[in-house]
Amino acid sequence: MNLPTSFDAEMQVVGAIVVDPSMFVPVSEVVAAEDFSFKSCRAVFDAVAELSKAGRDVDLPSVRRQLAGDQSGVERLIEAAGAVGFPRHAVSHAETVRDLAGLRRVAVVGQDLVNLATTEGTTFPDALETAERGVFGLTRN
């Protein structure tokens with residue numbers, strides 16, 4: 001199953017919050033670390049979040065130090081910082097990241113329901129209860 005992702009949107013978000021740290025707060029109101037499908041983009045987002053939470057400067061060297069030991073994160077950081085177009089578009093890109101994460105969650109719930117419905121011995125009431133819990137869980141997120 002191909003789950004929906006956008007490498008470009010994720011790169012624009014993490015690049016923007018490094019290049020213009022003032023974008024972190026509005027971006028973090030839209031997207032969370034678990035919304036990133038690419039581990040290295042998630043690592044950069046987490047590093048910026050940790051620095052921001054600690055009240056420390058967010059810039060390329062600081063984030064790089066925060067990522068120490070995560071070579072793929074460091075590589076992604078450098079690539080994203082150089083690839084960001086307009087940092088002020090970060091919220092729009094974050095909305096894309098969030099929406100695609102939601103679609104991935106829907107796909108997982110759907111696949112789980114298909115697996116449950118095709119498992120011998122599953123009753124309709126049990127499947128319906130699981131479906132309701134899965135959909136309710138999506139609406140809370």
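The structure presented is a predicted model; accordingly, all values stated were derived computationally and were not measured.
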Next on the checklist: Taking the side chain as everything from C-beta on, heavy atoms only, tell me whether Arg56 gets closer than 4.5 Å to Gln66.
Outcome noted: yes
Item to check | Heavy atoms of other groups near Arg104 CZ, more than 12 under 6.0 Å | outcome: yes
Checklist entry - Sequence neighbours excluded, which residues qualify as ring pair (Phe, Tyr, Trp, His ring centres under 6.0 Å) partners of Phe36? => result Phe45
Checklist entry - Is any side-chain heavy atom of Val18 less than 4.5 Å from a side-chain heavy atom of Val44? => result yes
Checklist outcome for this item: Tightest non-hydrogen contact, residues Ala43 and Gly73, listed as CB-CA, 4.5 Å
Next on the checklist: If I compare all heavy atoms of Ala47 with all of Val63, which pair ends up nearest, and what's the gap?
Outcome noted: CB-CG1, 4.0 Å
Next on the checklist: Once salt bridge (charged side-chain N to carboxylate O under 4.0 Å, His left out) is applied, what residue pairs with a partner in residues 9-31 remain, sequence neighbours excluded?
Outcome noted: none
Item to check | Any residue meeting salt bridge (charged side-chain N to carboxylate O under 4.0 Å, His left out) with Glu95, in chain and number order, not counting sequence neighbours | outcome: none
Item to check | All pairs passing salt bridge (charged side-chain N to carboxylate O under 4.0 Å, His left out) where residues 106-131 contributes a residue, at least two apart | outcome: Glu129-Arg133
Next on the checklist: Filter on salt bridge (charged side-chain N to carboxylate O under 4.0 Å, His left out), then keep only pairs touching residues 65-78, sequence neighbours left out; what's left?
Outcome noted: Arg76-Glu79
Next on the checklist: Can a side-chain donor-acceptor contact be found between Thr96 and Asp99 if the only test is distance below 3.5 angstrom?
Outcome noted: no
Item to check | Rounded distance (nearest 0.5 Å) linking atom CE of Met23 with atom CZ of Arg88 | outcome: 10.0 Å
Checklist entry - Do Ile78 and Val19 share a hydrophobic cluster, counting only Ile, Leu, Val, Met, Phe, Trp and Tyr and linking them when any side-chain heavy atoms are less than 4.5 Å apart? => result no
Next on the checklist: Suppose clustering is done on Ile, Leu, Val, Met, Phe, Trp and Tyr with side-chain heavy atoms closer than 4.5 Å. Which residues sit in the same group as Met11?
Outcome noted: Phe7, Phe38
Next on the checklist: A side-chain contact here means heavy atoms from C-beta on lying under 4.5 Å apart; do Val14 and Leu77 qualify?
Outcome noted: no
Checklist entry - If you round to the nearest 0.5 Å, how far is SG of Cys41 from CG of Asp46? => result 11.5 Å
Next on the checklist: Please determine whether side-chain contact (heavy atoms from CB on, under 4.5 Å) holds for the pair Arg105 and Asp35, giving the CA-CA distance in whole Å, both sets of side-chain angles, and the decisive distance to 0.1 Å.
Outcome noted: CA-CA 10 Å; Arg105 290 180 187 106; Asp35 293 332; 2.7 Å; yes
